[in-house]
Structure formats: C-alpha cells, structure tokens
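Please read the structure below before turning to the comments.
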Amino acid sequence: MSELRPRSELRSATPGIARHGQLKKHRAWPLILQILGAAVVVVLLSGASVGAVVVNSLTSKVETVTIIGETEGPPPQIGAIEGGFNILIVGNDTRAGQDGIGGSADEESGTLNDVNILLHVSQDQTNAVAISFPRDMVVGIPECPDEDGDTKGYSTEPINVALYYGGLNCVVMTVSELTGLPIQFAGMITFNGVIAMGDAIGGVPVCFTGPVDDPNTGLLIHQAGTYELSGIDALAFLRSRAGVGDGSDLTRISSQQVYLSALVRKLQGEETLSDPTKVYNLAKAALSNMQLSQGLGNLDTMVSIALALKDIPIERVTFVQYPGTTGGDGVYLGKVQPDSYAGEQLMALVRADQPFQLAAAGDDRGSTLDPNAPAPDPSQTPAVDNSGLPVLEGVSGQTAAQYTCSVANE
C-alpha cells in the first residue's frame, strides 16, 4: 500500500452557493475533455485570447511522444480541421515529482494509466462523445513496443497496466483495439497538473447528496449541498472511491461525470475563455504537467481542432462509461468484465456518428439527477433537441447540459 497524504494536510471543501441560475445558450465549445484534459482544449482556444506568441511559448516546452497512427503535423493552412477525429486523454498515477501527493515515488508497481477517456467527434462535427474506461476493466493488451524497442507479448489484463508496458503509445493501441476507432491525438497529465488546473479554474460547483468522509483521499464534505472544489480538493474528489457510490471504480466514474458537466457549464456560463488571464493560467497549469502526442503538441493543429469544435452544443456532448460488470471469475475475479453486448451497441453508434440519448442521467449509484436543478426557461430553447434520438440502454452517463449530484457512500 502506498502512503497516502495525511488528511490533516488536505483542506476540507467550503460550502458554496448552488449556482443554478439559467445559463446562456451559446454554442461555444465547452472544454469537454474533463479536468484531466480540459486545459488541452483551453490551449486550443486560447490563441485568440492570449496570442499565438504566448501560446507558442507554452507549447514549445511540452514533452511530446510519437504514437502509432497519429495525425502528423498541422493542416496545410490554419482553419477548421475537416471531418471527425478521436483524442485520448490519460491520467497518469505516477508519484514521481508530485510532492508526495498520492503516496511515495518509489512504488514497485510502476506507472499506471488510472484514467482513460476517449473523445470522439463526429464526421459532421455536430456531436461528441467522451468515453471513460474503468481502470480495472480486463481487456486485450496488444504487442506494444517499450521505450527500449522491446515488444511485450499479447496479454489479457486490466487496462491500467498498458502505460507501464509501453507508455502512452501502448494505451492508445489498447483503446483503439477495444473500440475499433483510430486515435489521431493523445495527451497525458499527472496529479500536480490536476491540482494546478483546479486552482486556475477557480473552483467547480459540485453537488453531493450527503456527507462524505474519505480518509484515503482526504475528501471531507460535512453535509449534502453544493460545494466549490478547486485544487487539491478537486483532486481528492476525482480520486475518491470509498466516499462515493458503492465504493467501486464504476461508481467513481459516474461521480466524476458530475464534476465534468459542472465544469462545462461553469466555463460557458462565466465565459472563462473571454478572460485572457484565466485562459493563460489554465493553459500554463496543464501544459506544465502534460505529455502530448506530436500531432497534438503543434500549435497550428490545436487551433485547427478548436475551430472544428467550437459550434458543438452542450446538449450534444455526452459523457458515458464503457459498460462492464463485476462478480466474474477466472481472469475477471475482483476486476471488471466488459459487457460485450452493451459495449458493441455503444461503439456501433459512435463509429456511425449517430447521436443518441441515454435512458437516464447518472446511474443512481454514483450519480443522480440534482433535485434542485433549474427548471427549463420557456423563453429559451436548447441549442438542439435530443428527444427524437435513439435510446441507448445498458450504458450509464449524462450530457454536459444535465445537472447531477454525486451520491455519497453513507
């Protein structure tokens, strides 16, 4: 067991006022990659706010890595990148250089990819799906080359060992094989990056159904309500398993989507992108702690992707969890077994660029609809209407427009 940071060193979140006022219904791209990758897209959009020279000074210092199948270099001219594409964002659990956060730096288990989110943008660029993969889901790990050029044999293991075997490239290969999607861009961020980004954002309002006391991460919420989480508090929440849902990684992902949707609404409602200082601080916080694929690490490419994404409405930004079950035996003992049927239903829609709606917002175990969510304003209509879309059963998640609460594990 790694030594966790003492709870006495973690700030308990302070109660905030629930920000349930009606948000403006613009179609500005809402930075949907979630907190572990949100600043990547902020950088994509920050050229106009900060200036290309400043952004270039940030991107020039980013560590880059080549991934198999990536899109190389910028488009011929600056403009919206054409067609659909996929971006993989990985959360690295390394303790090295993280100031003791999360445990000691000399763990024998190696570096793991504990967060894996694939963003798929449709060919017509009218909808996007962010797919989270449970860290303990047992999948096929391809024959990945490591940094020394050696290649591991094919294996069936939890998805979070892919980074250990072959770096970011191996995670890309693993997710691509599982989903059947080519991955053109990828980025990876560490604990320190999450904390710095949370501070730069200035806090995200997160709704809880009850008190949370998680000694493993230091998350301490005294009672039900909405709290502004920033910096180390945000990291504690995003890492918490024991404090939310049923204590599993599956309900932790659902709980994390509460944060993601709130983040999206805050960034749109407060027009963060129009504030050059906020944009610069957020971009700097992310890029100081990120590794990007070579294609994504190019400023021209970032701007081109941003131009393609800016008109997707939040009603068509959907966060989902790749479906899986527990209670299996053999290689799945104590792990998550992919639900092949529901998973293929999901991926068939994604690969076909078919927008869909989920049977419910949240899974009622890790997240649930916010009972204090604002009533629809009859004077304002959504950017799009999802009511006529096919309903995807057996898959949990929500759109960025839906207000949800993290379910406390009481």
Side-chain angles (χ1 to χ4, degrees), residues 33 36-37 63-72 84-94 108-121 129-190 249-250 253 290-297 320-325 328 330-351:
L33 293 183
L36 295 175
E63 179 185 358
T64 59
V65 61
T66 300
I67 61 173
I68 295 176
E70 75 174 328
T71 297
E72 298 181 359
F85 50 90
N86 302 295
I87 304 175
L88 179 67
I89 296 298
V90 172
N92 183 342
D93 82 338
T94 182
E108 297 180 358
S109 60
T111 299
L112 304 175
N113 46 298
D114 272 2
V115 175
N116 307 275
I117 297 181
L118 180 64
L119 171 70
H120 172 76
V121 178
V129 181
I131 308 170
S132 294
F133 301 89
R135 52 161 289 173
D136 294 327
M137 179 173 285
V138 176
V139 300
I141 310 292
E143 297 180 350
C144 301
D146 62 22
E147 59 183 14
D148 297 324
D150 298 326
T151 301
K152 67 167 287 292
Y154 194 96
S155 60
T156 303
E157 301 181 66
I159 194 172
N160 72 334
V161 303
L163 186 65
Y164 171 73
Y165 282 132
L168 183 58
N169 182 57
C170 191
V171 185
V172 169
M173 294 175 66
T174 301
V175 174
S176 182
E177 178 174 293
L178 175 64
T179 62
L181 292 172
I183 298 174
Q184 294 86 6
F185 306 104
M188 181 165 62
I189 194 167
T190 60
D249 188 51
L250 299 182
I253 289 176
M290 291 201 77
Q291 180 186 75
L292 302 178
S293 64
Q294 289 187 352
L296 187 58
V320 298
Q321 178 177 161
Y322 194 92
T325 59
V331 70
Y332 302 112
L333 182 65
K335 302 297 181 181
V336 178
Q337 181 173 355
D339 183 330
S340 299
Y341 178 79
E344 181 52 34
Q345 295 295 306
L346 167 65
M347 295 315 307
L349 291 171
V350 172
R351 289 192 293 265

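Since the structure is predicted, the reported quantities are computational estimates derived from the model, not experimental observations. Position 1 is the first residue of the sequence, and the numbers go up from there. The analysis underlying the following values was restricted to heavy atoms, covering all of them including side chains, and did not include hydrogens, waters or symmetry mates.
- The two residues Ala162 and Ile141 have their closest heavy-atom pair at CB-CD1, 4.3 Å.
- A pairwise comparison of heavy atoms in Leu168 and Met188 identifies CD1-CB, 4.3 Å as the closest pair.
- In this structure, OG1 in Thr174 is found 11.0 Å from CG in Asn160, a value given to the nearest 0.5 Å.
- Applying the side-chain hydrogen bond (donor to acceptor under 3.5 Å, both in side chains) definition to pairs two or more places apart or across chains, none involves residues 334-343.
- Of all non-hydrogen atoms in Thr111 and Leu163, the two that sit nearest each other are CG2-CD2, 3.5 Å.
- In this structure, Arg135 CZ and Leu250 CG are separated by 11.5 Å, a value rounded to the nearest 0.5 Å.
- Checking side-chain atoms of Asn113 against main-chain N and O of Ile159 turns up a donor-acceptor pair under 3.5 Å.
- Met137 approaches Pro323 most closely through the heavy-atom pair CE-O, 3.6 Å.
- A 4.5 Å side-chain heavy-atom check between Val139 and Val175 finds every atom pair outside the cut-off.
- The heavy-atom pair separating Ser176 from Ile183 by the smallest distance is N-CD1, 3.9 Å.
- Legend: residues meeting side chain to side chain donor-acceptor pair (under 3.5 Å) with Glu157, ordered by chain and number and at least two apart, are Ser155, Tyr165.
- To the nearest 0.5 Å, atoms CG (Leu119) and CZ (Phe85) are separated by 7.0 Å.
- Nearest heavy-atom pair across Gln321 and Pro134 is OE1-CG, 3.8 Å.
- With sequence neighbours excluded, the residues that form a side chain to side chain contact (heavy atoms under 4.5 Å, CB included) with Leu181 are Asn86, Leu118, His120, Thr179, Met347, Val350, Arg351.
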